[in-house]
A.B. asks: 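Mind having a look at this structure? Questions to follow.
Each chain gets a letter, A, B and so on, in the order its sequence line appears, and its residues count up from 1. Hydrogens, waters and symmetry mates play no part in the numbers below; they use all other heavy atoms, side chains included.
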Amino acid sequence: MTSPTRKMMIVPCSGIGKTYGTVSREAAYTVTEDLRPTQTQLVALALLVLGDDGSRTDIAECPAITIDGCKLACAAKMVQQRGGTVARGFAVLDVYRRYKDFKPSGIAELNDGGQKLARVLAEEVTAVVDGLISGKQGGENA
Amino acid sequence: MPDLPMKKVGIVSCSGEELPEGTVSRLAALKILEHLRQADTVTICLPLFLAGGEGDRAFARFYPTIAIDGCDKRCAARGTEMYSGKPAAGIIVTELVASQGLGKVEGKRHLNKAGQQAVEATAARITELVDELLHKHWNRTTGTVVDSPLPAAPEPTQASCSCGSGIPVQEVVINGKMVTLIALPLIFQQFHDSDKPVSQELPRALLESVKIYNQVPPGKEDAYAECLAREYAAFLTQQGATK
(Lines give C-alpha, C1' and ligand atoms only; values in the text may rest on other atoms or scores of the structure.)
Protein backbone atom coordinates (compact mmCIF):
# COMPACT_ATOMS: atom_id res chain seq x y z
CA MET A 1 0.00 0.00 0.00
CA THR A 2 1.23 3.45 -0.85
CA SER A 3 1.70 5.88 1.99
CA PRO A 4 -0.58 8.93 1.75
CA THR A 5 2.37 11.19 2.63
CA ARG A 6 4.37 10.13 -0.41
CA LYS A 7 3.93 12.11 -3.56
CA MET A 8 3.36 10.60 -6.96
CA MET A 9 5.91 11.63 -9.54
CA ILE A 10 4.37 12.73 -12.83
CA VAL A 11 6.80 12.38 -15.72
CA PRO A 12 5.74 13.71 -19.14
CA CYS A 13 7.73 12.77 -22.19
CA SER A 14 9.36 16.16 -22.93
CA GLY A 15 8.54 15.74 -26.60
CA ILE A 16 9.30 18.96 -28.42
CA GLY A 17 8.56 18.28 -32.07
CA LYS A 18 5.13 16.71 -32.03
CA THR A 19 1.63 17.59 -30.88
CA TYR A 20 1.32 14.55 -28.65
CA GLY A 21 4.37 15.68 -26.68
CA THR A 22 2.66 18.98 -26.00
CA VAL A 23 -0.51 17.14 -24.91
CA SER A 24 1.52 15.04 -22.49
CA ARG A 25 3.16 18.13 -20.99
CA GLU A 26 -0.13 20.02 -20.69
CA ALA A 27 -1.79 17.04 -19.00
CA ALA A 28 1.10 16.81 -16.55
CA TYR A 29 0.76 20.51 -15.72
CA THR A 30 -2.98 20.10 -15.24
CA VAL A 31 -2.48 17.27 -12.75
CA THR A 32 0.41 18.81 -10.80
CA GLU A 33 -0.82 22.43 -10.75
CA ASP A 34 -4.62 22.22 -10.90
CA LEU A 35 -6.05 18.83 -9.96
CA ARG A 36 -3.67 17.28 -7.39
CA PRO A 37 -1.01 19.90 -6.55
CA THR A 38 -0.26 18.56 -3.09
CA GLN A 39 -0.20 14.86 -3.97
CA THR A 40 1.88 15.02 -7.13
CA GLN A 41 5.14 16.46 -8.37
CA LEU A 42 6.32 17.13 -11.90
CA VAL A 43 9.66 15.63 -12.88
CA ALA A 44 11.51 17.12 -15.84
CA LEU A 45 12.76 14.26 -17.96
CA ALA A 46 15.87 16.18 -19.02
CA LEU A 47 17.02 16.22 -15.40
CA LEU A 48 16.60 12.46 -15.18
CA VAL A 49 18.58 12.02 -18.39
CA LEU A 50 21.43 13.96 -16.82
CA GLY A 51 21.25 11.96 -13.60
CA ASP A 52 20.28 14.94 -11.43
CA ASP A 53 20.52 13.80 -7.80
CA GLY A 54 17.22 15.32 -6.67
CA SER A 55 15.25 13.85 -9.53
CA ARG A 56 16.84 10.43 -9.13
CA THR A 57 16.06 10.42 -5.42
CA ASP A 58 12.45 11.43 -6.08
CA ILE A 59 12.05 8.72 -8.68
CA ALA A 60 13.71 6.11 -6.49
CA GLU A 61 11.55 6.88 -3.46
CA CYS A 62 8.16 7.56 -5.03
CA PRO A 63 6.09 5.76 -7.64
CA ALA A 64 5.97 7.43 -11.03
CA ILE A 65 3.17 7.89 -13.52
CA THR A 66 4.60 8.43 -16.97
CA ILE A 67 2.88 10.14 -19.90
CA ASP A 68 4.43 9.39 -23.27
CA GLY A 69 3.70 11.19 -26.51
CA CYS A 70 4.97 8.55 -28.91
CA LYS A 71 5.68 4.85 -29.15
CA LEU A 72 9.32 5.33 -28.20
CA ALA A 73 8.10 5.81 -24.63
CA CYS A 74 11.07 7.88 -23.49
CA ALA A 75 9.48 8.77 -20.16
CA ALA A 76 8.70 5.19 -19.14
CA LYS A 77 12.07 3.90 -20.34
CA MET A 78 13.99 6.66 -18.61
CA VAL A 79 12.25 6.18 -15.25
CA GLN A 80 13.04 2.47 -15.40
CA GLN A 81 16.63 3.06 -16.50
CA ARG A 82 17.12 5.41 -13.57
CA GLY A 83 15.90 2.86 -11.05
CA GLY A 84 12.35 4.09 -10.61
CA THR A 85 9.05 2.25 -10.64
CA VAL A 86 6.45 3.05 -13.26
CA ALA A 87 3.23 2.64 -11.31
CA ARG A 88 1.28 3.38 -14.46
CA GLY A 89 2.33 4.38 -17.95
CA PHE A 90 0.02 6.41 -20.16
CA ALA A 91 0.34 6.87 -23.92
CA VAL A 92 -1.35 9.94 -25.38
CA LEU A 93 -2.23 8.06 -28.54
CA ASP A 94 -4.14 5.41 -26.59
CA VAL A 95 -6.19 8.09 -24.88
CA TYR A 96 -6.85 9.80 -28.21
CA ARG A 97 -8.16 6.50 -29.61
CA ARG A 98 -10.82 6.63 -26.91
CA TYR A 99 -11.62 10.30 -27.49
CA LYS A 100 -11.52 10.67 -31.26
CA ASP A 101 -13.55 13.88 -31.09
CA PHE A 102 -10.60 15.62 -29.43
CA LYS A 103 -8.20 15.77 -32.36
CA PRO A 104 -5.09 17.64 -31.26
CA SER A 105 -3.02 19.95 -33.40
CA GLY A 106 -0.40 22.61 -32.75
CA ILE A 107 2.87 22.23 -30.92
CA ALA A 108 3.73 25.62 -29.46
CA GLU A 109 0.03 26.14 -28.76
CA LEU A 110 -2.58 23.40 -28.65
CA ASN A 111 -5.90 23.77 -30.40
CA ASP A 112 -9.17 23.28 -28.55
CA GLY A 113 -9.18 19.53 -29.27
CA GLY A 114 -5.69 19.21 -27.88
CA GLN A 115 -6.64 21.11 -24.73
CA LYS A 116 -9.64 18.84 -24.21
CA LEU A 117 -7.57 15.73 -24.83
CA ALA A 118 -5.01 16.93 -22.29
CA ARG A 119 -7.81 17.52 -19.81
CA VAL A 120 -9.33 14.04 -20.10
CA LEU A 121 -5.86 12.52 -19.94
CA ALA A 122 -5.15 14.54 -16.81
CA GLU A 123 -8.39 13.27 -15.27
CA GLU A 124 -7.38 9.67 -16.01
CA VAL A 125 -3.99 10.28 -14.43
CA THR A 126 -5.70 11.85 -11.42
CA ALA A 127 -7.89 8.80 -11.00
CA VAL A 128 -4.78 6.62 -10.91
CA VAL A 129 -3.14 8.98 -8.40
CA ASP A 130 -6.18 8.75 -6.15
CA GLY A 131 -6.27 4.98 -6.51
CA LEU A 132 -2.61 4.60 -5.64
CA ILE A 133 -2.89 6.89 -2.65
CA SER A 134 -5.90 5.03 -1.31
CA GLY A 135 -4.15 1.73 -1.99
CA LYS A 136 -6.80 0.49 -4.39
CA GLN A 137 -4.69 0.54 -7.49
CA GLY A 138 -1.11 -0.09 -8.31
CA GLY A 139 1.75 -1.59 -10.11
CA GLU A 140 0.61 -1.90 -13.66
CA ASN A 141 1.82 -0.40 -16.89
CA ALA A 142 -0.67 0.65 -19.53
CA MET B 1 29.61 12.24 -51.49
CA PRO B 2 26.08 10.93 -50.91
CA ASP B 3 23.25 13.40 -51.11
CA LEU B 4 22.31 13.10 -47.47
CA PRO B 5 20.72 15.86 -45.37
CA MET B 6 23.93 17.85 -45.30
CA LYS B 7 23.24 21.41 -44.40
CA LYS B 8 20.89 21.44 -41.47
CA VAL B 9 21.52 22.59 -37.94
CA GLY B 10 20.31 20.48 -35.03
CA ILE B 11 18.38 22.22 -32.26
CA VAL B 12 18.28 20.54 -28.86
CA SER B 13 16.12 22.30 -26.28
CA CYS B 14 16.13 21.56 -22.57
CA SER B 15 12.28 21.52 -22.57
CA GLY B 16 12.56 21.96 -18.80
CA GLU B 17 9.04 21.67 -17.52
CA GLU B 18 10.04 22.79 -14.05
CA LEU B 19 10.83 26.42 -14.78
CA PRO B 20 9.52 29.24 -16.98
CA GLU B 21 12.85 29.59 -18.75
CA GLY B 22 12.42 26.00 -19.92
CA THR B 23 9.21 27.07 -21.62
CA VAL B 24 11.08 30.01 -23.15
CA SER B 25 13.75 27.68 -24.55
CA ARG B 26 11.16 25.28 -25.95
CA LEU B 27 9.03 28.01 -27.58
CA ALA B 28 12.07 29.76 -29.02
CA ALA B 29 13.29 26.47 -30.49
CA LEU B 30 9.86 25.84 -32.03
CA LYS B 31 9.81 29.33 -33.50
CA ILE B 32 13.01 28.50 -35.35
CA LEU B 33 11.90 25.02 -36.39
CA GLU B 34 8.43 26.00 -37.55
CA HIS B 35 8.89 29.52 -38.89
CA LEU B 36 12.22 31.31 -38.91
CA ARG B 37 14.54 28.59 -40.24
CA GLN B 38 12.20 25.74 -41.06
CA ALA B 39 14.20 24.37 -43.98
CA ASP B 40 17.54 24.60 -42.21
CA THR B 41 16.88 23.03 -38.84
CA VAL B 42 15.88 19.75 -37.26
CA THR B 43 15.34 18.76 -33.66
CA ILE B 44 15.45 15.77 -31.40
CA CYS B 45 13.99 15.18 -27.94
CA LEU B 46 16.79 15.11 -25.39
CA PRO B 47 15.69 11.81 -23.75
CA LEU B 48 15.99 10.05 -27.11
CA PHE B 49 19.76 10.06 -26.77
CA LEU B 50 19.25 7.41 -24.10
CA ALA B 51 15.92 5.86 -25.01
CA GLY B 52 16.47 5.82 -28.75
CA GLY B 53 18.83 3.87 -30.95
CA GLU B 54 22.26 4.34 -32.44
CA GLY B 55 20.91 6.70 -35.08
CA ASP B 56 19.49 9.02 -32.45
CA ARG B 57 22.78 9.05 -30.58
CA ALA B 58 24.56 10.03 -33.80
CA PHE B 59 22.50 13.23 -33.99
CA ALA B 60 25.10 15.75 -32.79
CA ARG B 61 27.84 14.24 -34.91
CA PHE B 62 25.62 14.33 -37.96
CA TYR B 63 24.34 17.87 -37.44
CA PRO B 64 26.17 20.86 -35.96
CA THR B 65 23.96 21.34 -32.94
CA ILE B 66 22.81 24.33 -30.89
CA ALA B 67 21.84 23.54 -27.30
CA ILE B 68 19.13 25.79 -25.85
CA ASP B 69 19.10 25.68 -22.06
CA GLY B 70 16.69 27.31 -19.67
CA CYS B 71 19.10 27.48 -16.75
CA ASP B 72 22.70 26.99 -15.79
CA LYS B 73 22.20 23.27 -15.18
CA ARG B 74 22.63 23.12 -18.96
CA CYS B 75 20.80 19.80 -19.38
CA ALA B 76 20.61 20.16 -23.16
CA ALA B 77 24.27 21.01 -23.65
CA ARG B 78 25.57 18.47 -21.16
CA GLY B 79 23.19 15.74 -22.25
CA THR B 80 24.02 16.25 -25.91
CA GLU B 81 27.74 16.16 -25.24
CA MET B 82 27.48 13.17 -22.91
CA TYR B 83 25.40 10.97 -25.19
CA SER B 84 25.79 12.25 -28.73
CA GLY B 85 28.46 14.84 -29.48
CA LYS B 86 29.67 18.25 -28.39
CA PRO B 87 27.21 20.99 -29.39
CA ALA B 88 28.61 23.51 -31.84
CA ALA B 89 27.01 26.35 -29.87
CA GLY B 90 24.81 26.96 -26.86
CA ILE B 91 22.45 29.49 -25.31
CA ILE B 92 21.41 29.81 -21.66
CA VAL B 93 18.11 31.67 -21.39
CA THR B 94 18.66 33.00 -17.86
CA GLU B 95 21.93 34.61 -18.97
CA LEU B 96 20.38 36.05 -22.11
CA VAL B 97 17.49 37.51 -20.11
CA ALA B 98 19.89 39.07 -17.62
CA SER B 99 22.15 40.50 -20.29
CA GLN B 100 19.22 42.16 -22.05
CA GLY B 101 17.51 43.33 -18.86
CA LEU B 102 14.20 41.73 -19.77
CA GLY B 103 12.80 41.41 -16.27
CA LYS B 104 11.57 38.38 -14.35
CA VAL B 105 10.27 35.57 -16.53
CA GLU B 106 7.17 33.93 -15.04
CA GLY B 107 4.51 31.40 -16.04
CA LYS B 108 5.46 27.88 -17.03
CA ARG B 109 2.27 27.34 -19.02
CA HIS B 110 1.51 30.91 -19.99
CA LEU B 111 4.50 33.22 -20.11
CA ASN B 112 4.27 36.81 -18.88
CA LYS B 113 5.42 39.72 -21.02
CA ALA B 114 9.06 39.34 -20.01
CA GLY B 115 8.83 35.67 -20.92
CA GLN B 116 7.42 36.45 -24.35
CA GLN B 117 10.19 38.99 -24.90
CA ALA B 118 12.67 36.35 -23.84
CA VAL B 119 11.27 33.97 -26.49
CA GLU B 120 11.83 36.62 -29.16
CA ALA B 121 15.34 37.42 -27.94
CA THR B 122 16.30 33.75 -27.70
CA ALA B 123 14.89 32.99 -31.14
CA ALA B 124 16.81 35.93 -32.60
CA ARG B 125 20.05 34.63 -31.10
CA ILE B 126 19.37 31.09 -32.34
CA THR B 127 18.74 32.46 -35.83
CA GLU B 128 22.14 34.18 -35.80
CA LEU B 129 23.82 30.97 -34.69
CA VAL B 130 22.01 28.86 -37.30
CA ASP B 131 23.11 31.23 -40.05
CA GLU B 132 26.68 31.19 -38.80
CA LEU B 133 26.80 27.40 -38.65
CA LEU B 134 25.27 26.96 -42.09
CA HIS B 135 28.28 28.73 -43.55
CA LYS B 136 30.80 26.57 -41.79
CA HIS B 137 32.05 23.17 -42.83
CA TRP B 138 30.90 20.46 -40.42
CA ASN B 139 32.97 17.28 -40.22
CA ARG B 140 30.66 14.37 -39.38
CA THR B 141 33.45 11.98 -38.60
CA THR B 142 34.84 14.12 -35.82
CA GLY B 143 31.69 16.09 -35.01
CA THR B 144 33.49 19.42 -35.20
CA VAL B 145 33.58 22.59 -37.26
CA VAL B 146 36.54 22.72 -39.62
CA ASP B 147 38.06 25.90 -41.00
CA SER B 148 37.33 25.62 -44.70
CA PRO B 149 34.07 27.39 -45.59
CA LEU B 150 31.28 25.48 -47.30
CA PRO B 151 28.54 27.40 -49.11
CA ALA B 152 25.14 26.47 -47.73
CA ALA B 153 22.35 25.34 -50.03
CA PRO B 154 19.34 24.64 -47.82
CA GLU B 155 16.96 22.00 -49.05
CA PRO B 156 13.23 22.60 -48.70
CA THR B 157 11.51 20.24 -46.30
CA GLN B 158 8.59 20.16 -43.91
CA ALA B 159 10.24 17.85 -41.42
CA SER B 160 11.31 19.46 -38.21
CA CYS B 161 11.36 16.61 -35.74
CA SER B 162 13.77 13.74 -35.65
CA CYS B 163 11.78 11.59 -33.21
CA GLY B 164 11.74 8.00 -34.30
CA SER B 165 13.54 8.69 -37.53
CA GLY B 166 17.05 9.45 -36.28
CA ILE B 167 19.91 8.85 -38.66
CA PRO B 168 19.48 5.50 -40.43
CA VAL B 169 22.06 2.94 -39.37
CA GLN B 170 22.85 -0.62 -40.36
CA GLU B 171 24.60 -3.37 -38.47
CA VAL B 172 27.14 -5.38 -40.41
CA VAL B 173 29.63 -8.10 -39.51
CA ILE B 174 33.28 -7.22 -40.15
CA ASN B 175 35.94 -9.76 -39.25
CA GLY B 176 33.38 -11.61 -37.14
CA LYS B 177 32.48 -8.52 -35.15
CA MET B 178 29.17 -6.64 -35.27
CA VAL B 179 29.67 -3.01 -36.31
CA THR B 180 27.01 -0.28 -36.56
CA LEU B 181 27.52 1.99 -39.55
CA ILE B 182 25.80 5.37 -39.52
CA ALA B 183 23.94 6.39 -42.69
CA LEU B 184 24.75 3.16 -44.56
CA PRO B 185 21.15 2.61 -45.80
CA LEU B 186 21.16 6.13 -47.26
CA ILE B 187 24.53 5.60 -48.89
CA PHE B 188 23.35 2.37 -50.51
CA GLN B 189 20.18 4.04 -51.68
CA GLN B 190 22.14 6.95 -53.13
CA PHE B 191 24.51 4.63 -55.00
CA HIS B 192 21.55 2.65 -56.29
CA ASP B 193 19.67 5.78 -57.40
CA SER B 194 22.69 7.14 -59.25
CA ASP B 195 23.08 3.85 -61.15
CA LYS B 196 26.68 3.35 -60.07
CA PRO B 197 27.97 0.32 -61.98
CA VAL B 198 29.12 -2.70 -60.01
CA SER B 199 32.85 -2.59 -60.66
CA GLN B 200 36.19 -3.20 -58.99
CA GLU B 201 36.17 0.42 -57.85
CA LEU B 202 32.79 0.20 -56.15
CA PRO B 203 33.95 -1.17 -52.76
CA ARG B 204 36.44 1.70 -52.41
CA ALA B 205 33.84 4.26 -53.44
CA LEU B 206 31.44 2.86 -50.82
CA LEU B 207 34.21 2.92 -48.24
CA GLU B 208 35.01 6.57 -48.92
CA SER B 209 31.36 7.51 -48.38
CA VAL B 210 31.11 5.42 -45.23
CA LYS B 211 34.24 7.11 -43.83
CA ILE B 212 32.50 10.49 -43.98
CA TYR B 213 30.15 9.42 -41.21
CA ASN B 214 32.03 6.66 -39.41
CA GLN B 215 35.43 6.01 -37.92
CA VAL B 216 37.19 3.21 -39.79
CA PRO B 217 39.99 1.77 -37.65
CA PRO B 218 43.49 1.93 -39.16
CA GLY B 219 44.39 -1.24 -41.03
CA LYS B 220 40.76 -2.32 -41.35
CA GLU B 221 39.92 -0.57 -44.62
CA ASP B 222 40.16 -3.69 -46.79
CA ALA B 223 37.89 -5.64 -44.45
CA TYR B 224 35.38 -2.77 -44.42
CA ALA B 225 35.46 -2.48 -48.23
CA GLU B 226 34.94 -6.21 -48.63
CA CYS B 227 32.01 -6.14 -46.21
CA LEU B 228 30.47 -3.12 -47.93
CA ALA B 229 30.63 -4.83 -51.32
CA ARG B 230 28.91 -7.89 -49.84
CA GLU B 231 26.21 -5.85 -48.10
CA TYR B 232 25.62 -3.71 -51.19
CA ALA B 233 25.13 -6.85 -53.29
CA ALA B 234 22.55 -8.02 -50.75
CA PHE B 235 20.92 -4.58 -50.90
CA LEU B 236 20.70 -4.78 -54.70
CA THR B 237 19.20 -8.26 -54.51
CA GLN B 238 16.61 -6.97 -52.07
CA GLN B 239 15.83 -4.00 -54.30
CA GLY B 240 15.33 -6.37 -57.23
CA ALA B 241 13.06 -8.56 -55.16
CA THR B 242 10.85 -5.66 -54.17
CA LYS B 243 10.47 -4.27 -57.72
A.B. asks: Measuring heavy-atom distances to chain A, does B:Lys108 have an atom under 4.5 Å in its side chain, in its backbone, in both, or in neither?
C.D. replies: both
A.B. asks: Find out whether B:Leu30 and A:Ile16 are in side-chain contact, i.e. whether some heavy atom of one side chain is under 4.5 Å from a heavy atom of the other.
C.D. replies: yes
A.B. asks: Can you tell me how far apart CG (A:Leu72) and CG (B:Asp56) are? Round to the nearest 0.5 Å.
C.D. replies: 7.0 Å
A.B. asks: Using 0.5 Å steps for rounding, measure from the SG atom of B:Cys14 to the CG atom of A:Leu47.
C.D. replies: 8.5 Å
A.B. asks: Just by modelled atom types, is the A:Leu50 backbone N or O under 3.5 Å from a matching donor or acceptor in the B:Tyr83 side chain?
C.D. replies: no
A.B. asks: Please classify the contact between B:Ala76 and chain A as side chain, backbone, both or neither, with a heavy-atom cut-off of under 4.5 Å.
C.D. replies: neither
A.B. asks: Taking A:Leu42, A:Thr32, A:Leu48 one by one, which has the highest count of heavy-atom pairs under 4.5 Å against chain B?
C.D. replies: A:Leu42
A.B. asks: Just wondering, do B:Leu46 and A:Ser14 contact through their side chains at under 4.5 Å, heavy atoms?
C.D. replies: no
A.B. asks: With respect to chain B, which residue among A:Glu33, A:Lys77, A:Lys71, A:Gln81 yields the maximal number of heavy-atom pairs within a distance under 4.5 Å?
C.D. replies: A:Glu33
A.B. asks: Does a sphere of radius 6.0 Å around CD in A:Glu123 hold more than 12 heavy atoms from other residues, nucleotides or ligands, not counting ones at 6.0 Å or beyond?
C.D. replies: yes
A.B. asks: Can you tell me which portion of A:Thr22 sits under 4.5 Å from chain B's heavy atoms? Options are side chain, backbone, both or neither.
C.D. replies: neither
A.B. asks: Taking the basic N atoms (NZ, or NE/NH1/NH2) and the acidic carboxylate oxygens, is any pair closer than 4.0 Å for B:Arg109 and A:Asp34?
C.D. replies: yes
A.B. asks: Considering only heavy atoms from C-beta outward, does the side chain of B:Cys75 approach that of A:Val49 to under 4.5 Å?
C.D. replies: no
A.B. asks: What are the two closest non-hydrogen atoms of B:Glu17 and A:Leu45, and how far apart are they?
C.D. replies: OE1-N, 4.0 Å
